[in-house]
Amino acid sequence: MSGVTQGSGGLPVAEAAQTRRAAVRLVRRDGRAFAAMLALNGLAAVAGLAAPWLLGRIVDEVKAGATVGVVDRLALAILVCAVVQLLLARYASYVGHRFGERTLARIREQFTERALAMPASVVERAGTGDLTTRGTTDVASVGTTLRDAGPDVAIASVQALFILAAVFVLDPLLGACGVIGLSGIWFASRWYLRRALKAYLEEGAAGSALAEELAATTTGARTVQALRLEHRRLLACRRTVEKSRRARTRTLALRSVLFPVVDVSYAIPVAAVLLVGGALTMRDPSAMTLGTVVASALYLRQLSEPLNTVLERLESLQSSGAAFARVEGMAAAPANAPAGGATVPEDDRLEVSGASYAYNGGPDVLHEVDLSVRPGERLAIVGPSGAGKTTLGRLLAGMDAPRTGSVTVGGVPVAALSQSLLRERVVLVTQEHHVFLGTVRDNLQIAAPAATDADLRAALAAVGADWFDELPDGLDTDLRHGPHRPDGARAQQLALARVVLADPHTLILDEATALLDPRTARHTERALAAVLEGRTVIAIAHRLQTAHDADRVAVMRDGRLTELGTHEELVAAGGAYASLWHSWHGDHAGPEPGGHAR
């Protein structure tokens with residue numbers, strides 16, 4: 001796509017032109033405040049120009065034999081101008097901060113809208129670390145620039161331009177000496193800017209990778225310990241930390257070149273003005289007064305303050321520019337189909353026709369699967385690990401689109417449905433559930449904002465969440481921390497209660513009760529079966545008892561649909577399903593075949 005590049009995490013990064021256009025759009029949305037900030041900064045800069053000029057006047061007046069009263073009046077004028085400059089700069093900063101906070105709020109809202117509009121499959125491929133880093137570190141960096149660095153640079157830039165103009169007004173030759181003396185800063189800045197954006201983008205990408213690596217390691221800590229993968233995960237984390245350290249070192253090396261050159265360059269124009277101005281004054285006092293030389297030197301010395309601000313903030317601007325490119329790159333990420341963007345399905349019949357699928361350009365994990373699921377049917381999908389069961393479930397739920405072939409509901413491609421229409425039709429429930437910050441009510445009303453307390457209690461009862469009766473504050477119990485934070489089994493029941501409230505036409509259960517003990521799982525499955533009577537239920541079977549209770553069973557092997565029929569038909573056929581069933585039914589204490597199939 002034009003104007004974007006692909007980030008290391010899979011999400012796009014906006015190029016410079018797109019980032020500039022986005023920045024201009026943000027400024028235009030609050031153009032009056034931005035114009036007021038610039039105007040106030042200009043007035044403050046003008047007020048700040050008075051002091052060096054008045055000091056030069058004092059030097060000339062004293063040299064000419066002026067009285068103490070004249071000097072006092074000029075000194076009072078310096079004081080008045082300083083107070084005016086302080087007040088104007090203070091108000092300009094206030095206006096700038098308000099502009100920054102409003103603009104930051106718009107960026108946060110825009111980021112949230114774009115993130116929520118992205119298909120879940122895109123988020124999964126990109127990694128939560130990249131998305132989280134963009135939404136926290138990158139957005140915060142942009143906010144710091146808008147609130148602090150942006151106004152500071154605007155003020156300092158206006159002051160620097162006015163100070164240079166004042167030197168030229170006093171004497172063009174001295175102004176030229178000042179500009180030539182500052183040329184080292186210009187060359188150093190050019191050198192820095194050519195390299196900084198790329199370096200900061202690499203630093204941001206390394207930060208995303210580090211966040212993803214740490215998140216994956218900490219969330220899977222129990223699995224790591226169980227499989228004794230501590231050493232391997234530690235090495236992986238160390239490699240990611242080292243990559244992040246190298247990226248940060250590169251940006252530090254750029255700064256270590258820029259700032260020493262700048263520090264030396266400040267003294268050069270002042271020395272040049274004093275040398276040239278002093279020589280001219282001694283040769284012809286009428287051509288250039290001592291006060292002019294002093295005022296010019298003071299102006300150039302005063303110039304170091306705004307230039308310091310600009311250059312010190314240059315790092316923040318480059319860092320936040322890279323951050324804004326990553327944030328704005330979200331605009332180019334794939335989005336869910338818009339509401340009303342597809343034809344409404346005629347019915348709830350799911351049809352899979354010649355569907356093949358591959359992850360990230362790899363080999364196909366599904367091969368020309370054909371399957372028809374009737375409305376109201378209960379279908380179980382079973383098979384060994386790696387057979388393609390979960391992948392097929394994702395295609396049926398619209399999480400991914402097939403590489404070839406089609407997956408439709410009511411004649412409309414499932415992946416082309418708008419997010420709202422899709423979730424009215426099909427809901428996928430896996431064993432990975434999230435408990436959101438807030439109360440029990442907050443967690444349940446995500447699925448049905450208008451649900452009453454009675455509806456919420458009924459949904460919990462439907463999934464067998466008996467533990468709810470023990471909560472001290474009922475639906476208002478805070479689940480964020482403490483003894484009431486749900487474990488994996490309770491989190492699954494909360495997720496299933498959300499499904500009951502969402503009331504979809506088709507429900508896909510991908511080991512949705514895997515974290516429950518067998519007795520609770522059977523109770524929950526029976527409760528759900530009663531609630532979802534008449535609806536289509538597709539269960540990726542964790543326990544073969546689920547397949548026994550289904551209307552039909554689909555058997556997957558090596559990405560292909562190898563058997564399809566009722567439980568009795570498949571057992572009588574003596575094929576792969578029959579072997580699984582006899583093995584499971586004959587030894588309940590053993591491992592459940594296909595229990596962790598994907």
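Quick note: numbers below take in every heavy atom, side chains included, and nothing from hydrogens, waters or symmetry partners.
- Atom CZ of Arg106 has more than 12 neighbouring heavy atoms from other residues, nucleotides or ligands inside a 6.0 Å radius.
- Contact check on Glu242 versus Arg245 returns a salt bridge, with a Lys/Arg side-chain nitrogen under 4.0 Å from an Asp/Glu carboxylate oxygen.
- For the atom pair CD1 (Ile107) and CZ (Phe324), the distance works out to 5.0 Å, reported to the nearest 0.5 Å.
- The residue from Arg25, Arg21, Arg134 that alone fulfils the salt bridge (Lys or Arg N to Asp or Glu O under 4.0 Å) condition with Glu328 is Arg25.
- Within 6.0 Å of the CZ atom in Arg403, the count of heavy atoms belonging to other residues, nucleotides or ligands exceeds 12.
- Using a 4.5 Å heavy-atom threshold, the side chains of Ile78 and Ile58 count as touching.
- Judged by distance alone, the side chain of Ser93 and the main-chain N or O of Ala89 form no donor-acceptor pair under 3.5 Å.
- Environment of CZ in Arg98: sparse, with no more than 12 heavy atoms of neighbouring residues, nucleotides or ligands closer than 6.0 Å.
- Around CZ of Arg301, the count of heavy atoms belonging to other residues, nucleotides or ligands within 6.0 Å does not exceed 12.
- For Arg29, the CZ atom is loosely surrounded, since the number of other residues' heavy atoms within 6.0 Å does not exceed 12.
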Go through the steps to decide whether Tyr91 and Leu87 satisfy the test side-chain contact (heavy atoms from CB on, under 4.5 Å), and finish with yes or no.
CA-CA 6 Å; Tyr91 192 58; Leu87 294 176; over 6 Å; no
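- Note that CG of Asp400 is 6.0 Å distant from OH of Tyr359, once rounded to the nearest 0.5 Å.
- To the nearest 0.5 angstrom, Arg108 atom CZ is 14.0 Å from Glu113 atom CD.
- By the 4.5 Å heavy-atom criterion applied to side chains, Phe162 and Val46 are counted as neighbours.
- Gln445 contributes a side-chain N or O that, together with a main-chain N or O of Ala451, makes up a donor-acceptor pair within less than 3.5 Å.
- Taking the side chain as every heavy atom from C-beta outward, Leu104 and Val139 approach each other to under 4.5 Å.
- Thr217 places no side-chain N or O within 3.5 Å of a backbone atom of Leu214 that could act as its donor or acceptor partner.
- In this structure, the separation between SG on Cys237 and CG on Leu210 is 8.0 Å, given to the nearest 0.5 Å.
- In this structure, Ser244 contributes its side chain and Thr240 its backbone to no donor-acceptor pair below 3.5 Å.
- In this structure, CG on Leu88 lies 10.5 Å from SG on Cys81, to the nearest 0.5 angstrom.
- You'll find the side chain of Leu300 stays beyond 4.5 Å of the side chain of Ile163, heavy atoms only.
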Assess the residue pair Asp476 and Val440 against the criterion (side-chain contact (heavy atoms from CB on, under 4.5 Å)); give the C-alpha distance rounded to whole Å, side-chain angles, the decisive distance to 0.1 Å, and a yes or no.
CA-CA 6 Å; Asp476 294 316; Val440 176; over 6 Å; no
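- Taking the side chain as every heavy atom from C-beta outward, Gln110 and Arg114 approach each other to under 4.5 Å.
- For the pair Leu254/Trp191, a side-chain contact is recorded, criterion being any heavy-atom separation below 4.5 Å from C-beta on.
- Contact check on Glu203 versus Arg250 returns no salt bridge, with no Lys/Arg side-chain nitrogen under 4.0 Å from an Asp/Glu carboxylate oxygen.
- To the nearest 0.5 angstrom, Leu428 atom CG is 7.5 Å from Arg394 atom CZ.
- Looking at Asp442 and Thr439, their side chains do bring a donor and an acceptor atom within 3.5 Å of each other.
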